[in-house]
Amino acid sequence: MATLIIPPVLTSPRDDAAQLYKAFKGFGCDTASIINILAHRDATQRGLIQQEYRLMYSEELSNRLSRELSGDNKKAFLLWMHDPAVRDATIVRQALSGVVVDLRAATEVICSRTPSQIQYFKQIYYTMNGVYLEHDIESRTSDDHKKLLLSYVGTIRYEGPEVDSALAERDAKALYKAGEKRWGTDEKTFIRIFTESSRAHLAAVSYAYKSKYKNKLRSAVKSETSGLFRFGLLSILRCAKNPASFFAKQLHKAMKGLGTNDAALIRIIVTRAEIDMQYIKAEYRKKYKKCLNDAVYSETSGNYRTFLLSLLGPNY
């Protein structure tokens with residue numbers, strides 16, 4: 001469930017555009033008004049506001065936001081203005097080909113999305129950049145990590161709940177033989193099963209593995225692999241079993257220790273607020289005995305904090 005709160009009675013996109021223009025005028029920027037409008041509109045509504053703003057003022061709203069805002073608040077707002085597929089394509093493109101390459105961010109997004117989401121944002125990726133996602137993965141990643149991502153974005157997987165328990169047991173046995181049972185690791189088997197399986201099937205494989213070999217598949221992946229390849233496999237596995245738990249863990253890591261990984265904090269909150277942030281907040285409290293809103297409040301400040309907390313919804 002989403003945490004985005006939309007007013008029961010909405011002003012028109014044209015009125016919203018006019019109010020935003022008013023917030024931009026004069027000395028300084030009325031950021032509170034901008035948050036009050038844009039942090040409480042869904043992707044369709046934000047798209048309509050952008051259309052109206054363009055028609056009324058002959059300017060892209062995103063360009064004006066970019067000039068008026070700064071720092072992490074600017075980054076969060078600009079990402080929020082995209083629809084989900086464009087947003088994913090933007091994040092992955094920047095992560096693979098930006099000034100600062102962030103392969104972990106690209107891996108997180110790719111390995112946490114459903115097959116249909118991946119196929120859609122792949123189309124958007126090519127339309128936006130004139131290059132295929134596979135090309136950028138090929139040129140920016142390496143070794144088993146590259147093979148995993150290329151296979152994951154290139155394979156059409158079943159998205160339903162049905163599972164063949166016999167096949168799940170065979171795949172669990174194959175993974176055991178490819179990892180814990182042998183000297184060295186057969187990475188090809190891990191890549192094949194993790195990239196060809198539906199989420200429901202991989203969850204069943206994990207259950208069968210634990211039942212038969214008295215060890216968690218997650219633990220086997222950790223002991224048999226390393227680096228970004230390990231992170232990709234674990235991301236796929238955790239999202240197959242419980243996506244909200246996966247994102248709760250990533251948020252905790254972003255705020256753990258000295259300093260905050262604001263890029264990760266923005267990426268996860270902005271991309272999940274309209275999808276499953278209610279579940280993520282529940283998992284966060286369950287795992288870390290703390291409200292996510294409180295954690296974000298303590299790690300952020302100013303308008304940036306206000307915007308993220310608006311997307312997170314009520315504190316509980």
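Heavy-atom basis, side chains included; hydrogens, waters and symmetry copies ignored. If you're wondering where the values come from, they're calculated on a predicted model, not measured in any experiment.
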So, [X] side chain and [Y] main chain: donor-acceptor pair closer than 3.5 Å or not?
| X | Y | answer |
| --- | --- | --- |
| R157 | Y152 | yes |
| R93 | N129 | no |
| S206 | L202 | no |
| K214 | S211 | yes |
| T3 | L311 | yes |
| K281 | C291 | no |
| R41 | A39 | no |
| Q117 | A85 | no |
| T225 | V221 | yes |
| W80 | T271 | no |

Charged N to carboxylate O under 4.0 angstrom, [X] versus [Y]?
| X | Y | answer |
| --- | --- | --- |
| K122 | E134 | yes |
| E108 | R267 | yes |
| R67 | E59 | yes |
| E60 | R54 | yes |
| E68 | R64 | yes |
| R272 | D276 | yes |

Does some side-chain heavy atom of [Y] sit less than 4.5 Å from a side-chain heavy atom of [X]?
| X | Y | answer |
| --- | --- | --- |
| M56 | R14 | yes |
| I118 | T114 | no |
| L20 | I37 | yes |
| R238 | R218 | yes |
| H201 | L167 | yes |
| Y125 | V131 | yes |
| Q119 | I156 | yes |
| R285 | K290 | no |

How about [X] and [Y]: does a side-chain donor come under 3.5 Å of a side-chain acceptor?
| X | Y | answer |
| --- | --- | --- |
| D88 | H82 | no |
| D30 | S33 | yes |
| T155 | E196 | no |
| Y209 | E180 | yes |

Take a 6.0 Å sphere around [atom1] of [X] and say whether it holds more than 12 heavy atoms from other residues, nucleotides or ligands.
| X | atom1 | value |
| --- | --- | --- |
| Y288 | OH | yes |
| F24 | CZ | yes |
| K146 | NZ | yes |
| K216 | NZ | no |
| K222 | NZ | yes |
| M1 | CE | no |
| F231 | CZ | yes |
| D143 | CG | no |

Please tell me whether F77 and F307 form a close aromatic pair, meaning their ring centres lie under 6.0 Å apart. yes
Which residues satisfy the side chain to side chain donor-acceptor pair (under 3.5 Å) test with Y284, sequence neighbours excluded? none
R113 charged N/C atom sitting above F121 aromatic ring, 6.0 Å / 45°: no
Path from V270 to I5 over hydrophobic side-chain contacts below 4.5 Å: no
Among L149, L148, I236, whose side chain to side chain contact (heavy atoms under 4.5 Å, CB included) with T107 holds? L149
Show your reasoning for whether side-chain hydrogen bond (donor to acceptor under 3.5 Å, both in side chains) applies to T11 and Q19. CA-CA 10 Å; T11 52; Q19 288 300 313; over 6 Å; no
Does the salt bridge (charged side-chain N to carboxylate O under 4.0 Å, His left out) test come out yes or no for R46 and E274, once each step is laid out? CA-CA 13 Å; R46 296 194 303 275; E274 294 179 271; 3.0 Å; yes
Measure up the Y213 and Y176 rings against each other and bin them: parallel (under 30°), tilted (30 to 60°), perpendicular (over 60°). parallel
